[in-house]
Amino acid sequence: GTELTFTAPRKAGQNVTGWTINGKLHAGGNTLTWTVENGHLSDKAVTSYDVQPTYEKGEYTVSYSDPATGGTLTATVANNASVAGNTQVPFTAVPDAHYEVDKWTVNNADSTETGNKLTLNITDNTTVAVSFKLKTYSVTLNQTEGGTATASSDETTATALTNITF
């Protein structure tokens, strides 16, 4: 017979658990190497073979931790928990006073999400992080009639906890 190698396409949130060949289950992982029998000699009814991977939901680890400063990160699952593939996991960033979300990262890549909440469809081992930054405030010095006002800075914005003397 002829030896053939099959590679199953990846499906988000699922793992290959085996293969079926003409309906019969065969063990195997993502790749199957199989020797094709000479069908017409051993069984005249076999003229073709249908080879299909079988899938099941994978189990994936979700990891996260609090950032060094500025707030906390929580999720609906415990840190380092295993979840079934295609599970939706919401994360919540809780900023400390005077802080806001700077950025989210998922598996060391920046996310486009900028708010305090991030929900992910888990399809692989996933690590989530959030960083916070001090809020920026507008600073306006209004001078009234009959007096002069000065400030120690000409800036029109200041980050939280910045001292400006008037």
Asks: At what distance, to the nearest 0.5 angstrom, does CG of Asp124 lie from OG1 of Thr61?
Replies: 10.0 Å

Asks: Hey, any chance Val106 and Val89 share a hydrophobic cluster, counting ILVMFWY side chains that come within less than 4.5 Å of each other, even indirectly?
Replies: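 Val106 clusters together with Val89.
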
Asks: So which atom in Thr123 and which in Arg10 form the shortest heavy-atom distance, rounded to 0.1 Å?
Replies: O-NH2, 2.9 Å

Asks: How close do Val16 and Ala8 get, heavy atom to heavy atom, and via which atoms?
Replies: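 Where Val16 meets Ala8 most closely, the heavy atoms are CG2-CB, 3.5 Å.
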
Asks: Is there a path of hydrophobic side-chain contacts, each under 4.5 Å between heavy atoms, that joins Val101 and Leu134?
Replies: yes

Asks: Can you find a pair of side-chain heavy atoms, one from Leu118 and one from Val130, that are under 4.5 Å apart?
Replies: no

Asks: Drop me the distance from Trp19's CH2 to Leu25's CG, to the nearest 0.5 angstrom.
Replies: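 These two atoms lie 12.0 Å from each other.
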
Asks: State, without any angle test, whether Ser63 and Asn80 hold a side-chain donor-acceptor pair at a distance under 3.5 Å.
Replies: yes

Asks: How many angstroms lie between atom OG1 of Thr5 and atom CH2 of Trp34, to the nearest 0.5 angstrom?
Replies: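 So the gap between those two atoms works out to 12.0 Å.
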
Asks: Quick check: closest heavy atoms across Asn15 and Tyr60, and the distance to 0.1 Å?
Replies: OD1-OH, 3.2 Å

Asks: List the atom of Ala93, the atom of Pro95, and the distance in Å for their closest heavy-atom pair.
Replies: O-CD, 3.4 Å

Asks: Within a strict 4.5 Å, meaning less than it, do heavy atoms of the Thr105 and Val128 side chains meet?
Replies: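 No, their side chains stay 4.5 Å or more apart.
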
Asks: Could you check whether atom CG of Asn108 has more than 12 heavy atoms from other residues, nucleotides or ligands sitting under 6.0 Å from it?
Replies: no

Asks: Do Thr69 and Phe132 have side-chain heavy atoms sitting under 4.5 Å apart?
Replies: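 Side chain of Thr69 against side chain of Phe132, heavy atoms only: no contact under 4.5 Å found.
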
Asks: Keeping Asn107 on the side-chain end and Thr127 on the backbone end, is there a donor-acceptor pair under 3.5 Å?
Replies: yes

Asks: As an exercise, state the distance from NZ of Lys103 to CG of Asp110, rounded to the nearest 0.5 Å.
Replies: 4.0 Å

Asks: If Ile, Leu, Val, Met, Phe, Trp and Tyr residues are connected whenever their side-chain heavy atoms lie under 4.5 Å apart, and connections chain through other members, are Tyr64 and Val94 in the same group?
Replies: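 Looking at the clustering, Val94 is in a separate group from Tyr64.
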
Asks: If you round to the nearest 0.5 Å, how far is CD of Glu100 from OG1 of Thr136?
Replies: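 So the gap between those two atoms works out to 6.5 Å.
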
Asks: If you take all heavy atoms of Ala84 and Glu59, which pair is closest and at what distance?
Replies: CA-OE2, 3.7 Å

Asks: Could you pull out the closest heavy-atom pair between Leu73 and Ala129, with the gap in Å?
Replies: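 Closest approach of Leu73 to Ala129: CD2-CA, 4.3 Å.
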
Asks: Rounded to the nearest 0.5 Å, what's the gap from OG1 on Thr126 to CZ on Phe91? Could you check?
Replies: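 Reported to 0.5 Å precision, the distance equals 7.0 Å.
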
Asks: Just to verify, which of Thr87, Leu120, Thr76, Val77 counts as forming a side chain to side chain contact (heavy atoms under 4.5 Å, CB included) with Val62?
Replies: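 Passing option: Val77.
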
